[in-house]
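The structure under discussion appears below in the form of structure tokens.
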Amino acid sequence: MAITTTDRITLSPNLKIQQGTFHVAVWGCQMNVYDADRIRDLMSAAGYVEQAEPNGADIIILVTCAVRAKAEDKVFNQLGAWRHQGVTDDHTIIALGGCVGAELAEQILKLDPTIAIVFGPRTAHRLPHMVSSYKATGDKVVDVQAEALEKFDALPEQGQRGPSAFVTIMEGCSNKCSYCIVPYTRGEEDSRPEQDILDEIVTHIDHGVKEINLLGQNVNSYRGLTPDGQVSSFANLLYEVAAIPGLERLRFTTSNPMEFTDDIIAAIHDLPVIADYIHIPVQSGSDRILKLMRRNYTADSYRELVAKLRQARPNIYISTDIIVGFPGETDEDFAETMRLVNDVKFDSGFSFIYSKRPGTPAAELDDPVPLEHKKQNLYVLQETLEKYAQQYSQGMLGTTQRVLVEGVSRKNAHELKARTSNNRVVILEGDRDLIGQMVTVNITEVMTHTLRGVRC
């Protein structure tokens with residue numbers, strides 16, 4: 001039997017779970033990374049110790065993504081692989097959450113009977129209580145529904161995050177793009193109070209964080225309340241965050257073009273703390289496809305937005321998301337997308353073949369284009385995006401960059417990894433006490449996906 005949201009056992013908020021170990025695995029967007037970090041805070045506060053690897057952990061927590069079918073499949077494939085490898089056994093408590101949890105809910109228990117707990121993006125704060133309930137009764141728990149901002153009021157103070165930290169400023173999305181399942185898994189958008197966000201950022205900075213990345217499905221539509229009860233805009237929030245002492249770099253994602261207003265562009269012009277890198281998903285360069293996608297802008301209005309941003313910040317780098325093979329996409333539609341890509345000359349792009357998501361309006365559209373043709377178009381698009389990315393990287397050779405040292409290089413333990421304002425990874429030599437610091441480097445080499453720098 002599964003305990004649902006309506007009959008979930010109520011336990012004391014002061015309950016201390018018997019100490020054990022847990023491991024968190026994350027798929028998907030930065031908001032899932034944020035949720036996973038907060039789950040770590042919750043479980044640690046409840047007396048559990050985190051393991052870097054899943055082997056032998058008492059509890060394995062999966063924070064999942066439902067944006068594409070492939071991401072969803074990976075989760076269940078991973079669980080099967082862990083069982084086959086002996087990483088998990090009959091005593092392992094498996095908790096599956098995130099967007100797949102909200103999307104499938106009790107169906108998950110049928111898809112994989114080894115899963116004991118199902119939670120959603122809005123109920124992650126209840127996870128310690130769900131674990132306690134399952135351990136006490138043996139009854140599987142499904143709890144995926146809650147008010148949008150409830151979890152933020154129930155979370156403990158955040159732990160150490162390193163030099164960079166994510167801060168979610170709003171939950172949900174109300175845009176209802178025809179292909180996207182997020183509004184159905186994360187719900188309608190609701191903005192956190194401005195002061196709560198500022199307080200969270202101050203705590204991060206007190207813990208040594210230098211860079212903050214504000215998160216939302218569409219940060220531009222932020223409408224949180226100020227302490228005096230007024231409605232704040234995203235532009236106003238940017239000014240408030242930028243004024244916090246100790247903050248050295250500010251990023252935000254994701255931005256819908258239709259709400260990228262002039263006051264946000266003015267903030268980018270006025271606030272040098274905002275990074276020289278903005279992510280603005282366009283999804284298609286065809287007005288016909290954009291209309292089918294229910295994206296309320298045109299290819300030309302997107303070009304105008306980019307022109308305004310480059311006027312406000314001439315050295316800005318712009319990345320995007322593009323879907324290839326949306327139902328009914330013709331060769332002319334794809335050619336329009338390529339025209340936009342060549343006009344804008346994106347710094348980088350995340351591009352995917354359209355993935356049909358059950359329950360979305362686009363899932364009902366005819367899709368006669370062969371998969372092989374979509375793959376060929378995707379290859380052409382990605383080759384072009386990579387060409388521009390390399391051109392921008394080559395243009396940085398010999399320049400001086402202010403970088404945030406994030407940690408040790410993945411390929412060489414004797415080198416450090418840092419990140420530029422325009423989101424390039426730079427490898428440099430230096431002592432580990434530089435980790436978490438902003439340093440100035442000269443770019444001496446351009447490699448395939450990274451740069452090499454020398455401290456000035």
Side-chain angles (χ1 to χ4, degrees), residues 24 26 28-46 50 52 63 121 124-125 149-171 191-217 219 222 224-227 232 234-255 267-268 271-279 402-408 416-421 423 425 432-439:
V24 181
V26 192
C29 67
Q30 293 97 328
M31 293 187 75
N32 277 3
V33 174
Y34 175 87
D35 287 345
D37 281 340
R38 303 305 271 130
I39 286 169
R40 292 184 175 97
D41 296 336
L42 282 161
M43 296 300 288
S44 297
E50 184 178 10
V63 183
H125 61 292
L149 303 183
E150 178 185 322
K151 72 177 180 184
F152 297 102
D153 294 330
L155 293 171
E157 181 175 301
Q158 64 267 30
Q160 298 281 352
R161 293 289 185 265
S164 182
F166 294 115
V167 175
T168 293
I169 66 172
M170 58 195 300
E171 271 290 323
S191 299
R192 295 178 66 188
E194 185 179 82
Q195 192 60 51
D196 289 1
I197 296 167
L198 300 178
D199 290 344
E200 184 172 334
I201 293 171
V202 168
T203 301
H204 278 308
I205 291 174
D206 288 344
H207 289 168
V209 167
K210 297 291 193 298
E211 176 185 274
I212 293 292
N213 193 328
L214 304 177
L215 300 179
Q217 298 303 140
V219 291
Y222 173 80
L225 294 179
T226 64
S232 177
F234 183 59
N236 185 72
L237 179 65
L238 289 174
Y239 284 101
E240 293 291 335
V241 172
I244 296 175
L247 178 67
E248 299 208 32
R249 186 178 290 163
L250 177 59
R251 301 184 189 274
F252 56 86
T253 191
T254 293
S255 293
I268 292 170
L271 302 173
V273 73
I274 294 177
D276 296 331
Y277 176 90
I278 306 292
H279 185 68
R402 188 77 169 156
V403 300
L404 175 61
V405 182
E406 297 179 333
V408 176
L416 302 176
K417 178 186 75 170
R419 193 171 300 272
T420 64
S421 181
N423 212 37
V425 172
R432 293 196 178 195
D433 58 7
L434 290 176
I435 295 173
Q437 304 301 315
M438 301 287 292
V439 300

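It should be emphasised that the depicted structure is a prediction, and the values quoted were computed from it without experimental measurement. Excluded from the calculations below are hydrogen atoms, water molecules and symmetry mates; all remaining heavy atoms, backbone and side chain alike, are included.
The side chain to side chain contact (heavy atoms under 4.5 Å, CB included) with Thr168 is formed by just one residue from the set Gln30, Gln217, Met31; it is Met31. Screening Asn236, Val241, Leu225, Ile169 for a side chain to side chain contact (heavy atoms under 4.5 Å, CB included) with Glu194, the sole residue that qualifies is Asn236.
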Quick one: do Asp37 and Gln158 satisfy side chain to side chain contact (heavy atoms under 4.5 Å, CB included)? Show the steps, please. CA-CA 8 Å; Asp37 281 340; Gln158 64 267 30; over 6 Å; no

Decide yes or no on side chain to side chain contact (heavy atoms under 4.5 Å, CB included) for Asp196 and Phe152, but give the supporting numbers first. CA-CA 9 Å; Asp196 289 1; Phe152 297 102; 5.8 Å; no

Could you give me the CA-CA distance, side-chain angles and deciding distance for Val439 and Leu434, then say whether side chain to side chain contact (heavy atoms under 4.5 Å, CB included) is met? CA-CA 8 Å; Val439 300; Leu434 290 176; 4.2 Å; yes

Asn32 vs Phe166, test: side chain to side chain contact (heavy atoms under 4.5 Å, CB included). Steps then yes/no. CA-CA 10 Å; Asn32 277 3; Phe166 294 115; over 6 Å; no

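Between the CD1 atom in Ile278 and the CD1 atom in Ile268 there is a gap of 4.0 Å [rounded to 0.5 Å]. Summarising the geometry, atom SG belonging to Cys29 is positioned 13.0 Å from atom OH belonging to Tyr34; distances are rounded to the nearest 0.5 Å. The CG atom of Leu237 sits 6.0 Å away from the CG atom of Leu214 when rounded to the nearest 0.5 Å. Atom CG of Leu215 is separated from atom CG of Asn213 by 5.0 Å, given to the nearest 0.5 angstrom. Within the model, atoms CG of Leu250 and OG of Ser421 stand 10.5 Å from one another, a figure rounded to the nearest 0.5 Å. Going from atom OG of Ser191 over to atom CG of Leu149 covers 7.5 Å, rounded to the nearest 0.5 Å.
Here Glu211 does not pair with Arg419 in a salt bridge; the nearest charged N to carboxylate O distance is not below 4.0 Å. A salt bridge does not link Asp35 to Arg38: none of the charged nitrogens lies less than 4.0 Å from a carboxylate oxygen. Between Lys151 and Glu171, at least one side-chain N (NZ, or NE/NH1/NH2) sits under 4.0 Å from a carboxylate O, which counts as a salt bridge. Note on Glu248 versus Lys210: no salt bridge recorded, every NZ/NE/NH1/NH2 to OD/OE distance being 4.0 Å or above. Salt bridge status for Asp41 with Arg161: present, with a side-chain N to carboxylate O gap under 4.0 Å.
Considering every non-hydrogen atom in both Pro245 and Ile205, the closest pair reads O-CG2, 3.7 Å. The two residues Ala154 and Leu42 have their closest heavy-atom pair at O-CD2, 4.3 Å. Minimum heavy-atom separation, Ser232 to Thr226: CB-CG2, 3.7 Å. The shortest heavy-atom contact between Ala36 and Val26 is CB-CG2, 3.3 Å. Shown here for Gln195 and Pro227, the closest heavy-atom pair between the two residues is OE1-CG, 3.6 Å. The two atoms that bring Val273 and Ala242 nearest to each other are CG1-CB, 3.6 Å, heavy atoms only.
Thr420 places no side-chain N or O within 3.5 Å of a backbone atom of Val403 that could act as its donor or acceptor partner. The backbone N or O of Val167 sits nowhere less than 3.5 Å from a side-chain atom of Glu200 that would complete a donor-acceptor pair.
No side-chain heavy atom of Ile212 sits less than 4.5 Å from a side-chain heavy atom of Arg251. Put simply, the side chain of Arg432 reaches to within 4.5 Å of the side chain of Val408, judged on heavy atoms. The shortest distance between side-chain heavy atoms of Ser255 and His279 does not fall below 4.5 Å.
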